[in-house]
Amino acid sequence: LFVTFTRIWRGDLKAAVCLSLAYATPFSMAAATAEKLAETGAPTSWHIMGVLLAATAIALVTHAVFITTSRDPADIA
């Protein structure tokens with residue numbers, strides 16, 4: 001929460017990338033595990049991990065576009 005409400009709020013793209021990678025790592029590992037379990041016939045769903053990864057990617061791209069097109073602090077608030 002500290003990174004989200006301080007560095008990213010101020011428009012730090014590096015912090016946004018690091019946070020996105022921090023989110024993507026466990027989602028990817030969980031999706032790979034679910035895929036392995038699905039091979040054994042276990043009822044697993046890795047699709048939700050794909051949705052979470054897509055939401056994270058959309059948020060990162062939106063943030064990147066916003067900070068490159070608008071640097072007015074009034075737009076952030």
Side-chain angles (χ1 to χ4, degrees):
L1 288 176
F2 175 77
V3 172
T4 302
F5 290 113
T6 56
R7 307 270 316 241
I8 294 176
W9 189 262
R10 293 183 201 136
D12 188 357
L13 185 58
K14 291 178 187 175
V17 169
C18 288
L19 187 61
S20 295
L21 289 174
Y23 283 147
T25 301
F27 295 155
S28 299
M29 291 172 49
T33 302
E35 187 65 24
K36 292 277 186 190
L37 287 172
E39 292 173 2
T40 65
T44 59
S45 176
W46 55 270
H47 297 95
I48 190 65
M49 304 312 163
V51 171
L52 293 172
L53 283 168
T56 301
I58 290 168
L60 177 63
V61 168
T62 302
H63 179 76
V65 168
F66 179 77
I67 65 170
T68 57
T69 59
S70 173
R71 299 301 280 166
D72 184 14
D75 291 342
I76 296 174

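The nearest pair of heavy atoms linking Leu60 to Ser20 is CB-OG, 3.6 Å.
Between the CG atom in Leu19 and the NE2 atom in His63 there is a gap of 10.0 Å [rounded to 0.5 Å]. We find the OG1-CZ distance between Thr56 and Phe27 to be 5.0 Å, quoted to the nearest 0.5 Å.
The main-chain N or O of Leu37 is found under 3.5 Å from a side-chain atom of Thr40 such that the two form a donor-acceptor pair.
Linking Ile, Leu, Val, Met, Phe, Trp and Tyr residues whenever their side-chain heavy atoms come within less than 4.5 Å leaves Leu53 and Met29 in two separate clusters.
Under the rule for a side chain to side chain contact (heavy atoms under 4.5 Å, CB included), the partners of Leu21 that lie at least two apart in sequence or sit in another chain are Val17.
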